[in-house]
Amino acid sequence: MERRSWFLKSSALFGFIFLYAPIISLIIYSFNASKLVTVWGGWSLKWYSSLFQNDEIMTAAVLSFKIATISATLAAILGTMAGFVLSRMGSFRGKTMLGGWVTAPLVMPDVITGLSLLLLFVAMESIFGWPAGRGEVTIIIAHTTFCLAYVAVVVQSRLSSMDETLEEAAMDLGAKPGVLFFLITLPLIAPAIISGWLLSFTLSLDDLVIASFVSGPGNSTLPMVIFSKVRLGVTPEVNALATLMILAVSVAVIAAIVIMRRQTKFQSP
Amino acid sequence: MSDFTPPQGLPSKGKPSRLVRLWTRLRTINMGRSAVITIPSLWLGIFFFIPFLVVFKISLSESAIAIPPYTAMFAWNPEDAYLTIKASFSNYLFLFQNDFYLDAYLSSIRIAAVSTFFTLIIGFPIAYMIARSKPTMRTLLLSLVILPFWTSFLLRVYAWIALLKKNGVINEFLMSSGLIDHPLIMLQTNFSVYLGIVYTYLPFMILPLYTTLEKMDITLLEASEDLGAKPYQTFFLVTLPLAVPGIVAGCLLVFIPAVGEFVIPSLLGGSNTLMIGRVLWDEFFLNRDWPMASAVAIVMLVLLVGPIMFMRSRSKREEV
């Protein structure tokens, strides 16, 4: 027994080192004064200042944040509807199909999603004249579509683990469906919707492949700029950018965990 | 029938009866209900399902120097009122007769399968340890697994370049410690692609494994031990069979997207790392052959439909 737990602990420790070593080395080298990755030239913040002076990266960052905010919000609304429909509305025609459409985008390779959406937009443009050209709007539609699936799955699992007595009680007391949803169900699934929104936001901010397919000229998102720089080799500015993004995400995730824990404490008697 | 009295509740005078009010209410419920069902279905239908039909249609056309760069499938001639439909399977023929594409599909499947296996080997002990640790510790460890998943996928792949390079961190460390004389070539090999896939997809393996292992009845393990089973026997005869749902879910979540992976082979792989996602990308962006790229996508989709349906049926069974 003793030996087995030792084996488990060391292999799990190895796993965690594996998960974190690249991230930590990225953070350390973002403070390296030398341009060469392996030569340590002392601590410096110069890559951060050159990052903020890089117009290409800054413009792309603003565009990416805008797209991520809009698509995450649209995905949260549509995904909540889809998750709710799948777990609380009983059976209806097309339920299996909708269920499939919600699960498939989670594993669909990005190259297929990107290509198929681009070809759809091109076909739509030639038939209806909309969307005229490609850019922000088409990226937002594409991101909303695959983020919607994530929100739907999170909301659906929250709803199915939640017991229905509160909703039934409200119904027995005469609440109309709309009132029931907004006063009872929505507050209960709010944590799931918030984490779905955050997940969508990071996924949209991170997407390279789909955005490359559906964006137009002059509409490079942050991952597209990073990718074109990284292809040429390691660039210290990207290290600085990565460190800032990792920091922001860590703060957000830790805050989310603390909030969720407080909520569950409050809910459990 | 002169003594016919209207049933109670039917509209008699000015005030609408209870039944009528119920009816109107039911109708509004139905309208709201169908709106809530229709909106997300319509969105996914238009932007997720129909695109596949468009891809299939374009895979049957031929590349042309035009905008958009493919031949039209339907041609309407107003003079003699004939609708000409032109569909060609030449892209598929080319695809199946050319070893290049077949090799790309096979090598993608092989790379995805090997990486999935290693993800399982590395992920299982972590998931097991988290499931068996104290509840307070469990939240912390689980967050540690999820945290990298939230940080940028592209940047996490990029981080490996600095580690694996010829004069990168790992080689410098091994050389200075005297373990090796010459730097190891790790970047731009199939090894670095395996590593990249295992690394980025590890959380997708650990989470479903953890969910199954956490639900497992620990008394079964104790019973097995009491009955004299050695630890490895308990593991292979009790733990592993009970963990099968998690193993299958985790493997599918890693395998399916890994087959079509583009970022990892193009950043960490060499020029001889053949993966179908990269072939599709080059076909589209370098050769600008949209019909060929569509045909590549359709064949990939056909390969993946089986595993996706299997995953869907399993997740449905678990819901029930």
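No experiment lies behind these values; they were computed from the predicted model shown.
- The environment of A/Phe18 atom CZ is dense: over 12 non-hydrogen atoms of other residues, nucleotides or ligands sit within 6.0 angstrom.
- Here B/Phe285 and A/Phe213 bring their ring centres to under 6.0 angstrom of each other.
- Rounding to the nearest 0.5 Å gives a distance of 9.5 Å between OG of B/Ser133 and NZ of A/Lys9.
- Using a 4.5 Å cut-off between heavy atoms, B/Ser294 touches chain A through backbone and side chain atoms alike.
- With a 4.5 Å cut-off on side-chain heavy atoms, B/Val54 and A/Ser116 do not count as touching.
- Of all non-hydrogen atoms in A/Leu26 and B/Leu155, the two that sit nearest each other are CD2-O, 4.2 Å.
- Annotation: the span from B/Thr151 atom OG1 to A/Met245 atom CE amounts to 9.0 Å, rounded to 0.5 Å.
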Run A/Phe16 and B/Ile126 through side-chain contact (heavy atoms from CB on, under 4.5 Å) and show every step you take. CA-CA 8 Å; A/Phe16 279 112; B/Ile126 301 180; 4.1 Å; yes

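- A donor-acceptor pair is defined here as one N or O able to donate and one able to accept, closer than 3.5 Å; such a pair exists between the side chain of A/Tyr20 and the backbone of B/Leu144.
- Put simply, of A/Ala21, A/Gly99, A/Gly114, A/Ala142, the one with the most heavy-atom pairs under 4.5 Å next to chain B is A/Gly99.
- Partners of A/Glu125 according to the salt bridge (charged side-chain N to carboxylate O under 4.0 Å, His left out) rule, which considers only residues two or more places apart in sequence or in another chain, are A/Arg134.
- Heavy atoms closer than 4.5 Å to chain B are found in both the backbone and the side chain of A/Val111.
- The part of B/Phe284 that comes within reach of chain A is its side chain, from C-beta onward, which places non-hydrogen atoms under 4.5 angstrom from that chain.
- Both the backbone and the side chain of B/Ile37 come within contact range of chain A, with heavy atoms under 4.5 Å apart.
- Counting heavy-atom pairs closer than 4.5 Å to chain B, the top residue among A/Ile226, A/Leu199, A/Asp207 is A/Leu199.
- Contact tally against chain B (heavy-atom pairs below 4.5 Å) for A/Ile246, A/Leu19, A/Thr103: the top residue is A/Leu19.
- When heavy atoms are compared at a cutoff of 4.5 Å, B/Leu301 approaches chain A by way of both its backbone and its side chain.
- To the nearest 0.5 Å, atom CD1 of residue B/Ile256 and atom CE of residue A/Met108 are 8.5 Å apart.
- Side chain of B/Tyr158 to main chain of A/Val230: no donor-acceptor pair is present (N/O by atom type, distance under 3.5 Å, no hydrogens or angles).
- Both the backbone and the side chain of A/Leu78 come within less than 4.5 Å of a heavy atom in chain B.
- Contacts of A/Val122 with chain B are made by side-chain atoms alone, with heavy-atom separations under 4.5 Å and no backbone atom involved.
- The part of B/Ile58 that comes within reach of chain A is its side chain, from C-beta onward, which places non-hydrogen atoms under 4.5 angstrom from that chain.
- Across A/Leu241, A/Leu205, A/Val238, the residue that shares the most heavy-atom pairs under 4.5 angstrom with chain B is A/Val238.
- Side-chain atoms of B/Phe204 and A/Val107, non-hydrogen and from C-beta on, never get closer than 4.5 Å to each other.
- In this structure, chain A has heavy atoms under 4.5 Å from both the backbone and the side chain of B/Leu195.
- For CZ of B/Phe118, the number of neighbouring non-hydrogen atoms (other residues, nucleotides, ligands) closer than 6.0 Å is 12 at most.
- B/Val157 does not touch chain A: none of its heavy atoms, backbone or side chain, sits under 4.5 Å away.
- Expressed to the nearest 0.5 Å, how far CD1 of A/Ile112 lies from CD1 of B/Ile298 amounts to 8.0 Å.
- Atom CG of B/Leu154 is separated from atom CG of A/Leu222 by 9.0 Å, given to the nearest 0.5 angstrom.
- Side chain of A/Asp206 to main chain of B/Phe153: a donor-acceptor pair is present (N/O by atom type, distance under 3.5 Å, no hydrogens or angles).
- Among B/Phe262, B/Phe124, B/Tyr199, the residue making the largest number of heavy-atom pairs under 4.5 Å with chain A is B/Tyr199.
- Under the 30°/60° scheme for interplanar angles, the aromatic rings of B/Trp281 and A/Phe227 are found to stand perpendicular.
- Atoms CG and CH2, on A/Leu118 and B/Trp290 in that order, are 5.0 Å from each other to the nearest 0.5 Å.
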